[in-house]
Amino acid sequence: MRDGPNPPLRRLGSVLTITASACSLLCCLGCNPSFLAAIGGESVSTIDAGRGYVVILLINNTAFDVTAIVNVTKADGATAEWMLTAPAGDFGSIAQQCDIQAVEVEAVTYVDTSSGTAQGGAVLFDPEDAQLIAGQNLKCGQVVAISVAGAPPAVAATIEAY
Amino acid sequence: MRTRDRFRWTIPCWFAAVLTATPGCNPSSINSLVDSIYPAAPGDVPMILVRIENNSSADINAANIIVDTGLAEPKTVSFPVARGTGNAGTLFQCPVLRVALGDLDLGVAPAMTATFSDGTQVEVPFGMRTLVEGVDYVCGDTIIFQLIDDRTAETGLRIEAGRVDGSTQTGPFTGADTFRYVQLLLLLQTAGGTTDTTGTTGTAPIP
(Lines give C-alpha, C1' and ligand atoms only; values in the text may rest on other atoms or scores of the structure.)
Protein backbone atom coordinates (compact mmCIF):
# COMPACT_ATOMS: atom_id res chain seq x y z
CA MET A 1 0.00 0.00 0.00
CA ARG A 2 1.37 3.31 -0.98
CA ASP A 3 1.10 6.31 1.44
CA GLY A 4 1.86 8.98 -1.12
CA PRO A 5 4.94 11.25 -1.29
CA ASN A 6 7.03 11.83 1.88
CA PRO A 7 5.17 9.33 4.08
CA PRO A 8 7.47 9.84 7.10
CA LEU A 9 6.69 13.57 7.13
CA ARG A 10 3.00 12.90 6.79
CA ARG A 11 3.10 10.50 9.72
CA LEU A 12 5.10 13.00 11.75
CA GLY A 13 2.57 15.71 10.98
CA SER A 14 -0.29 13.47 12.05
CA VAL A 15 1.46 12.56 15.27
CA LEU A 16 2.21 16.18 16.10
CA THR A 17 -1.34 17.27 15.41
CA ILE A 18 -2.80 14.50 17.54
CA THR A 19 -0.32 15.22 20.32
CA ALA A 20 -1.14 18.93 20.30
CA SER A 21 -4.84 18.16 20.44
CA ALA A 22 -4.34 15.76 23.32
CA CYS A 23 -2.30 18.32 25.22
CA SER A 24 -5.00 20.93 24.69
CA LEU A 25 -7.60 18.54 25.99
CA LEU A 26 -5.55 17.61 29.04
CA CYS A 27 -4.85 21.25 29.77
CA CYS A 28 -8.49 22.14 29.46
CA LEU A 29 -9.66 19.28 31.63
CA GLY A 30 -6.86 19.64 34.13
CA CYS A 31 -7.52 23.33 34.56
CA ASN A 32 -11.31 23.28 34.39
CA PRO A 33 -12.99 25.22 37.16
CA SER A 34 -14.44 21.92 38.28
CA PHE A 35 -10.95 20.90 39.22
CA LEU A 36 -9.96 24.12 40.98
CA ALA A 37 -7.61 23.19 43.78
CA ALA A 38 -9.69 22.05 46.72
CA ILE A 39 -8.79 22.88 50.26
CA GLY A 40 -8.83 20.41 53.09
CA GLY A 41 -9.53 17.42 50.91
CA GLU A 42 -13.08 18.55 50.30
CA SER A 43 -14.55 17.82 46.91
CA VAL A 44 -15.25 20.87 44.86
CA SER A 45 -18.12 20.91 42.41
CA THR A 46 -17.57 24.02 40.37
CA ILE A 47 -15.91 27.22 41.53
CA ASP A 48 -15.10 29.97 39.10
CA ALA A 49 -11.49 31.08 39.57
CA GLY A 50 -12.43 34.58 38.52
CA ARG A 51 -11.71 36.61 35.45
CA GLY A 52 -10.45 39.77 37.02
CA TYR A 53 -11.74 42.10 39.67
CA VAL A 54 -12.73 45.66 40.37
CA VAL A 55 -11.51 46.54 43.85
CA ILE A 56 -13.17 49.26 45.91
CA LEU A 57 -10.53 50.38 48.36
CA LEU A 58 -11.16 52.54 51.43
CA ILE A 59 -7.90 54.06 52.69
CA ASN A 60 -8.10 55.65 56.10
CA ASN A 61 -5.41 58.20 56.87
CA THR A 62 -7.22 59.57 59.89
CA ALA A 63 -7.11 58.75 63.57
CA PHE A 64 -10.69 57.50 63.54
CA ASP A 65 -12.67 54.57 62.23
CA VAL A 66 -14.16 55.29 58.83
CA THR A 67 -17.10 53.71 57.04
CA ALA A 68 -18.12 54.07 53.41
CA ILE A 69 -21.44 53.08 51.87
CA VAL A 70 -21.03 52.13 48.22
CA ASN A 71 -23.68 51.17 45.71
CA VAL A 72 -22.60 48.81 42.95
CA THR A 73 -24.63 48.25 39.79
CA LYS A 74 -24.07 44.89 38.16
CA ALA A 75 -23.98 44.31 34.44
CA ASP A 76 -27.49 42.85 34.56
CA GLY A 77 -28.81 45.99 36.26
CA ALA A 78 -29.03 44.51 39.74
CA THR A 79 -27.71 46.69 42.53
CA ALA A 80 -25.89 45.81 45.70
CA GLU A 81 -25.01 48.05 48.60
CA TRP A 82 -21.75 47.47 50.39
CA MET A 83 -20.43 48.86 53.63
CA LEU A 84 -16.67 49.15 53.87
CA THR A 85 -14.98 49.86 57.16
CA ALA A 86 -11.40 50.85 57.85
CA PRO A 87 -9.86 51.29 61.29
CA ALA A 88 -7.62 54.28 61.90
CA GLY A 89 -4.57 54.14 59.67
CA ASP A 90 -5.76 51.01 57.93
CA PHE A 91 -7.80 50.07 54.91
CA GLY A 92 -10.88 48.12 53.92
CA SER A 93 -11.81 46.63 50.58
CA ILE A 94 -14.47 44.94 48.52
CA ALA A 95 -13.41 43.00 45.44
CA GLN A 96 -16.08 42.42 42.84
CA GLN A 97 -15.78 40.37 39.70
CA CYS A 98 -15.88 42.43 36.58
CA ASP A 99 -19.57 41.99 35.86
CA ILE A 100 -20.30 45.46 37.22
CA GLN A 101 -21.03 48.63 35.34
CA ALA A 102 -21.03 51.37 37.96
CA VAL A 103 -19.82 52.23 41.43
CA GLU A 104 -21.39 55.06 43.41
CA VAL A 105 -20.14 56.29 46.75
CA GLU A 106 -23.22 57.23 48.73
CA ALA A 107 -21.75 58.28 52.05
CA VAL A 108 -18.54 58.27 54.05
CA THR A 109 -18.56 58.77 57.81
CA TYR A 110 -16.08 58.67 60.66
CA VAL A 111 -16.36 57.76 64.32
CA ASP A 112 -14.01 59.07 66.97
CA THR A 113 -13.98 56.89 70.07
CA SER A 114 -10.79 58.29 71.57
CA SER A 115 -12.62 60.46 74.09
CA GLY A 116 -14.56 57.53 75.47
CA THR A 117 -17.80 58.58 73.87
CA ALA A 118 -18.37 57.96 70.21
CA GLN A 119 -18.44 61.15 68.24
CA GLY A 120 -18.37 61.40 64.53
CA GLY A 121 -19.72 62.94 61.46
CA ALA A 122 -19.87 62.96 57.73
CA VAL A 123 -16.75 62.91 55.64
CA LEU A 124 -16.80 65.61 53.03
CA PHE A 125 -16.34 64.77 49.38
CA ASP A 126 -17.13 66.47 46.12
CA PRO A 127 -20.46 65.19 44.82
CA GLU A 128 -19.25 65.66 41.28
CA ASP A 129 -15.89 64.08 41.92
CA ALA A 130 -16.22 60.57 40.43
CA GLN A 131 -19.02 59.60 42.77
CA LEU A 132 -20.55 57.70 39.92
CA ILE A 133 -17.81 55.76 38.23
CA ALA A 134 -19.29 54.03 35.26
CA GLY A 135 -19.04 53.33 31.58
CA GLN A 136 -15.72 54.33 30.15
CA ASN A 137 -14.51 55.36 33.57
CA LEU A 138 -14.88 51.87 35.01
CA LYS A 139 -12.90 49.02 33.54
CA CYS A 140 -12.13 45.52 34.66
CA GLY A 141 -9.07 45.42 36.84
CA GLN A 142 -9.43 48.94 38.13
CA VAL A 143 -9.19 50.07 41.71
CA VAL A 144 -11.73 52.63 42.95
CA ALA A 145 -9.90 54.32 45.80
CA ILE A 146 -11.68 56.31 48.51
CA SER A 147 -8.94 58.10 50.43
CA VAL A 148 -9.92 59.75 53.70
CA ALA A 149 -7.72 62.22 55.54
CA GLY A 150 -7.91 65.17 57.89
CA ALA A 151 -9.21 66.01 61.32
CA PRO A 152 -12.66 67.13 62.49
CA PRO A 153 -14.46 69.04 61.26
CA ALA A 154 -12.47 68.92 58.01
CA VAL A 155 -12.34 65.18 57.40
CA ALA A 156 -12.48 64.79 53.64
CA ALA A 157 -12.30 62.06 51.03
CA THR A 158 -11.09 61.93 47.46
CA ILE A 159 -12.50 59.35 45.09
CA GLU A 160 -10.52 58.19 42.13
CA ALA A 161 -10.44 55.20 39.78
CA TYR A 162 -7.01 53.84 38.89
CA MET B 1 -4.95 13.97 -0.92
CA ARG B 2 -5.93 10.35 -0.39
CA THR B 3 -9.15 9.73 1.55
CA ARG B 4 -7.29 8.03 4.39
CA ASP B 5 -4.87 10.95 4.73
CA ARG B 6 -7.69 13.44 4.60
CA PHE B 7 -9.44 11.59 7.41
CA ARG B 8 -6.23 11.44 9.37
CA TRP B 9 -5.89 15.22 9.25
CA THR B 10 -9.57 16.06 9.67
CA ILE B 11 -10.17 14.50 13.08
CA PRO B 12 -7.34 16.28 14.92
CA CYS B 13 -8.26 19.57 13.27
CA TRP B 14 -11.89 19.28 14.34
CA PHE B 15 -10.77 18.24 17.79
CA ALA B 16 -8.58 21.31 18.13
CA ALA B 17 -11.35 23.52 16.81
CA VAL B 18 -13.85 22.16 19.34
CA LEU B 19 -11.42 22.62 22.19
CA THR B 20 -10.74 26.15 21.15
CA ALA B 21 -14.42 26.98 21.13
CA THR B 22 -15.27 25.07 24.28
CA PRO B 23 -15.89 27.31 27.28
CA GLY B 24 -15.02 26.30 30.79
CA CYS B 25 -11.27 26.18 30.75
CA ASN B 26 -10.01 27.73 33.96
CA PRO B 27 -9.57 31.43 33.35
CA SER B 28 -6.45 31.28 35.45
CA SER B 29 -5.03 28.74 33.09
CA ILE B 30 -6.04 30.80 30.12
CA ASN B 31 -4.44 33.77 31.80
CA SER B 32 -1.17 31.95 32.15
CA LEU B 33 -1.14 30.36 28.74
CA VAL B 34 -2.49 33.05 26.48
CA ASP B 35 -1.19 36.47 27.48
CA SER B 36 -2.39 36.99 31.03
CA ILE B 37 -5.18 39.57 31.07
CA TYR B 38 -6.13 40.25 34.68
CA PRO B 39 -4.90 38.64 37.87
CA ALA B 40 -7.18 36.18 39.62
CA ALA B 41 -5.07 36.31 42.80
CA PRO B 42 -2.64 38.79 44.38
CA GLY B 43 0.32 36.70 43.17
CA ASP B 44 3.55 38.23 44.38
CA VAL B 45 1.72 41.11 46.07
CA PRO B 46 1.81 40.27 49.80
CA MET B 47 -1.91 39.87 50.27
CA ILE B 48 -4.55 37.22 50.16
CA LEU B 49 -7.99 37.62 48.65
CA VAL B 50 -10.85 35.88 50.40
CA ARG B 51 -13.89 35.64 48.18
CA ILE B 52 -17.43 34.49 48.92
CA GLU B 53 -19.34 32.91 46.06
CA ASN B 54 -23.07 32.30 46.45
CA ASN B 55 -24.36 29.65 44.08
CA SER B 56 -27.21 28.63 46.36
CA SER B 57 -30.90 29.40 46.38
CA ALA B 58 -30.60 31.50 49.54
CA ASP B 59 -29.42 35.05 50.09
CA ILE B 60 -26.42 35.32 52.37
CA ASN B 61 -27.31 37.97 54.96
CA ALA B 62 -23.83 37.98 56.38
CA ALA B 63 -20.71 36.03 55.47
CA ASN B 64 -18.39 36.38 58.46
CA ILE B 65 -14.74 36.19 57.40
CA ILE B 66 -12.29 36.02 60.28
CA VAL B 67 -8.50 35.95 59.96
CA ASP B 68 -5.62 35.64 62.38
CA THR B 69 -2.90 38.13 61.49
CA GLY B 70 -0.80 37.45 64.56
CA LEU B 71 -2.19 40.43 66.44
CA ALA B 72 -4.10 40.16 69.68
CA GLU B 73 -7.47 40.54 67.99
CA PRO B 74 -8.38 38.75 64.76
CA LYS B 75 -9.65 40.78 61.84
CA THR B 76 -13.24 40.31 60.84
CA VAL B 77 -15.08 41.37 57.72
CA SER B 78 -18.73 40.68 57.11
CA PHE B 79 -20.91 41.37 54.10
CA PRO B 80 -24.04 40.04 52.35
CA VAL B 81 -23.99 38.16 49.07
CA ALA B 82 -27.12 37.76 46.96
CA ARG B 83 -28.36 34.36 45.81
CA GLY B 84 -27.55 32.97 42.41
CA THR B 85 -24.19 34.08 41.18
CA GLY B 86 -23.54 36.82 43.73
CA ASN B 87 -19.96 37.18 44.85
CA ALA B 88 -17.72 39.51 46.82
CA GLY B 89 -14.25 39.37 48.28
CA THR B 90 -11.94 41.29 50.52
CA LEU B 91 -8.18 41.68 50.78
CA PHE B 92 -5.96 41.05 53.77
CA GLN B 93 -2.31 41.98 54.01
CA CYS B 94 0.08 39.19 54.83
CA PRO B 95 0.85 37.65 57.22
CA VAL B 96 -2.47 35.88 57.45
CA LEU B 97 -1.85 32.90 59.68
CA ARG B 98 -5.34 31.38 59.73
CA VAL B 99 -8.60 31.91 57.85
CA ALA B 100 -12.10 30.76 58.69
CA LEU B 101 -15.74 31.75 58.49
CA GLY B 102 -17.46 32.48 61.77
CA ASP B 103 -14.86 31.45 64.32
CA LEU B 104 -11.18 30.56 64.19
CA ASP B 105 -11.25 28.06 66.99
CA LEU B 106 -14.67 26.49 67.47
CA GLY B 107 -15.42 25.47 63.91
CA VAL B 108 -19.12 25.03 64.53
CA ALA B 109 -19.99 28.66 65.09
CA PRO B 110 -22.18 30.12 62.33
CA ALA B 111 -20.12 31.00 59.31
CA MET B 112 -23.00 32.61 57.50
CA THR B 113 -26.59 33.55 58.03
CA ALA B 114 -28.80 32.99 55.03
CA THR B 115 -32.43 33.48 54.03
CA PHE B 116 -34.32 31.34 51.57
CA SER B 117 -36.94 32.76 49.24
CA ASP B 118 -39.73 31.57 51.54
CA GLY B 119 -38.28 33.63 54.37
CA THR B 120 -36.66 30.77 56.26
CA GLN B 121 -33.47 31.92 57.97
CA VAL B 122 -30.64 29.55 58.75
CA GLU B 123 -27.21 29.72 60.30
CA VAL B 124 -24.76 27.82 58.14
CA PRO B 125 -21.84 26.18 59.95
CA PHE B 126 -18.32 26.42 58.51
CA GLY B 127 -18.18 22.64 58.32
CA MET B 128 -14.41 22.38 57.93
CA ARG B 129 -11.30 23.03 59.96
CA THR B 130 -9.72 26.46 60.07
CA LEU B 131 -7.44 27.04 57.10
CA VAL B 132 -3.78 27.40 58.01
CA GLU B 133 -1.08 29.28 56.11
CA GLY B 134 1.52 27.00 54.66
CA VAL B 135 -0.87 24.07 54.77
CA ASP B 136 -3.97 25.22 52.93
CA TYR B 137 -2.78 28.43 51.27
CA VAL B 138 0.14 30.81 51.04
CA CYS B 139 0.45 34.55 50.79
CA GLY B 140 -0.61 35.66 47.32
CA ASP B 141 -3.43 33.14 46.92
CA THR B 142 -7.13 33.68 46.48
CA ILE B 143 -9.28 31.61 48.83
CA ILE B 144 -12.83 31.07 47.62
CA PHE B 145 -15.67 29.94 49.87
CA GLN B 146 -18.70 28.85 47.89
CA LEU B 147 -22.19 28.37 49.30
CA ILE B 148 -24.23 25.70 47.53
CA ASP B 149 -27.52 23.89 48.03
CA ASP B 150 -27.18 20.54 49.74
CA ARG B 151 -30.29 18.57 50.63
CA THR B 152 -28.30 16.28 52.89
CA ALA B 153 -27.15 19.20 55.06
CA GLU B 154 -29.21 20.14 58.09
CA THR B 155 -29.57 23.71 56.88
CA GLY B 156 -29.95 22.72 53.24
CA LEU B 157 -26.73 24.56 52.49
CA ARG B 158 -23.07 23.66 52.46
CA ILE B 159 -19.81 25.61 52.18
CA GLU B 160 -17.04 24.45 49.91
CA ALA B 161 -13.54 25.86 49.67
CA GLY B 162 -11.19 26.38 46.78
CA ARG B 163 -7.92 28.13 46.13
CA VAL B 164 -6.33 30.00 43.24
CA ASP B 165 -2.59 29.48 43.37
CA GLY B 166 -0.97 32.91 43.55
CA SER B 167 2.23 31.66 41.98
CA THR B 168 0.33 31.38 38.68
CA GLN B 169 -0.81 35.00 38.90
CA THR B 170 2.41 36.99 38.89
CA GLY B 171 2.01 38.49 35.46
CA PRO B 172 2.83 40.18 33.29
CA PHE B 173 -0.77 41.10 32.50
CA THR B 174 -2.06 42.73 29.36
CA GLY B 175 -4.85 44.28 31.43
CA ALA B 176 -4.74 46.17 34.70
CA ASP B 177 -2.55 44.62 37.40
CA THR B 178 -5.23 45.17 40.01
CA PHE B 179 -3.53 43.98 43.17
CA ARG B 180 -0.31 45.77 42.27
CA TYR B 181 -2.35 48.97 42.04
CA VAL B 182 -3.77 48.28 45.49
CA GLN B 183 -0.30 47.73 46.90
CA LEU B 184 1.04 50.93 45.36
CA LEU B 185 -1.93 52.99 46.53
CA LEU B 186 -1.48 51.75 50.07
CA LEU B 187 2.25 52.44 49.98
CA LEU B 188 1.71 55.94 48.69
CA GLN B 189 -1.27 56.97 50.75
CA THR B 190 -1.25 55.06 54.02
CA ALA B 191 -0.22 57.18 56.96
CA GLY B 192 2.12 54.41 58.09
CA GLY B 193 2.66 52.69 61.37
CA THR B 194 -0.26 50.32 61.47
CA THR B 195 -0.10 48.78 58.03
CA ASP B 196 2.71 46.46 57.05
CA THR B 197 3.07 46.39 53.30
CA THR B 198 6.11 44.15 53.16
CA GLY B 199 4.29 41.01 54.22
CA THR B 200 5.77 37.57 54.30
CA THR B 201 5.52 34.64 51.99
CA GLY B 202 4.77 31.25 53.40
CA THR B 203 5.81 27.82 52.33
CA ALA B 204 3.80 25.98 49.71
CA PRO B 205 0.84 23.96 50.93
CA ILE B 206 1.24 20.25 51.35
CA PRO B 207 -0.17 18.73 48.13
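Sequence lines set the chain letters: A, B, ... in the order given, protein chains first and strands last, and positions in each chain run from 1. What you see below is based on every heavy atom in this structure, not just the backbone, and it leaves out hydrogens, waters and symmetry mates.
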* Asked: Non-hydrogen atoms of chain A under 4.5 Å away: do they reach the side chain of B:Leu49, the backbone, both or neither?
  -> side chain
* Asked: Pairs in or reaching into residues 65-89 of chain A: which pass salt bridge (charged side-chain N to carboxylate O under 4.0 Å, His left out), with residues at least two apart or in two chains?
  -> A:Lys74-A:Asp99
* Under 4.5 Å heavy-atom distance to chain B, tell me which part of A:Leu57 shows up: side chain, backbone, both or neither. => side chain
* Asked: Are the side chain of A:Ser93 and the backbone of B:Thr90 linked by a donor-acceptor contact shorter than 3.5 Å?
  -> no
* Would you call the rings of A:Tyr110 and A:Phe64 parallel, tilted or perpendicular if under 30° counts as parallel and over 60° as perpendicular? -> tilted
* In chain order, what residues pass the salt bridge (Lys or Arg N to Asp or Glu O under 4.0 Å) check against B:Arg180, with sequence neighbours excluded? -> B:Asp44, B:Asp177
* Asked: Which answer fits B:Ala88, side chain, backbone, both or neither, if we ask what part of it has an atom under 4.5 Å from a heavy atom of chain A?
  -> both
* With a 4.5 angstrom heavy-atom cut-off, could you sort out which part of A:Ala145 is near chain B: side chain, backbone, both or neither? => side chain
